[in-house]
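Here is the structure we will look at, set down as structure tokens.
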Amino acid sequence: MEQTLVVIHVRFANDGSVREIGECPSGTSPQDWFNALSRHSSNSYESLSGGRGAFRLEPAVIEQIKAAVLSPVT
């Protein structure tokens with residue numbers, strides 16, 4: 001069975017902060033979304049040249065991370 005992955009592209013500013021990132025939920029900063037993806041995924045990030053990177057994740061994993069980011073902490 002073939003595994004379907006979603007590629008989330010990341011662009012960094014010169015100071016290392018995240019400037020742009022794909023699939024970012026509304027109301028979440030690009031840096032916070034990057035941090036959440038980094039915490040909840042293992043071995044799915046690839047550094048690229050030119051201040052870029054990419055996460056390769058299954059769609060269900062992305063939805064789980066979005067739910068965790070959007071749910072209020074109690």
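Only heavy atoms go into these numbers, but all of them, side chains included; no hydrogens, no water, no symmetry mates.
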inquiry  = Could you go through Arg56 and Glu46, starting from their C-alpha distance and side-chain angles, then the distance that decides it, and tell me whether this counts as side chain to side chain contact (heavy atoms under 4.5 Å, CB included)?
reply    = CA-CA 8 Å; Arg56 287 177 173 77; Glu46 178 182 3; 2.7 Å; yes
CA sep, side-chain torsions, deciding dist, call: Glu58, Leu5, side chain to side chain contact (heavy atoms under 4.5 Å, CB included) = CA-CA 5 Å; Glu58 294 179 27; Leu5 297 176; 3.8 Å; yes
query = Can you check side chain to side chain contact (heavy atoms under 4.5 Å, CB included) on Lys66 and Glu23, steps first, answer last?
reply = CA-CA 9 Å; Lys66 281 184 181 180; Glu23 299 285 327; 3.3 Å; yes
ask   = Passes side chain to side chain contact (heavy atoms under 4.5 Å, CB included), Leu37 versus Leu57? Steps please.
value = CA-CA 9 Å; Leu37 289 170; Leu57 299 164; 3.7 Å; yes
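For the pair Ser44 (side chain) and Ser41 (backbone), a donor-acceptor distance under 3.5 Å is absent. Side chain of Trp33 to main chain of Gly22: a donor-acceptor pair is present (N/O by atom type, distance under 3.5 Å, no hydrogens or angles).
Put simply, the side chain of Ile62 reaches to within 4.5 Å of the side chain of Ile8, judged on heavy atoms.
Minimum heavy-atom separation, Cys24 to Ser29: SG-O, 3.9 Å. Closest of all the heavy-atom pairs between Arg19 and Ala13 is CB-N, 4.2 Å. When all heavy atoms are compared, the tightest approach of Leu70 to Ser26 is CD2-O, 4.2 Å.
Annotation: the span from Gln31 atom CD to Phe12 atom CZ amounts to 7.5 Å, rounded to 0.5 Å.
A continuous path of hydrophobic side-chain contacts links Val6 to Val10 [ILVMFWY only; heavy atoms under 4.5 Å].
Within 6.0 Å of the CG atom in Asp15, the count of heavy atoms belonging to other residues, nucleotides or ligands exceeds 12.
Classified by interplanar angle (parallel below 30°, tilted 30° to 60°, perpendicular above 60°), the ring pair Phe55/Tyr45 is tilted.
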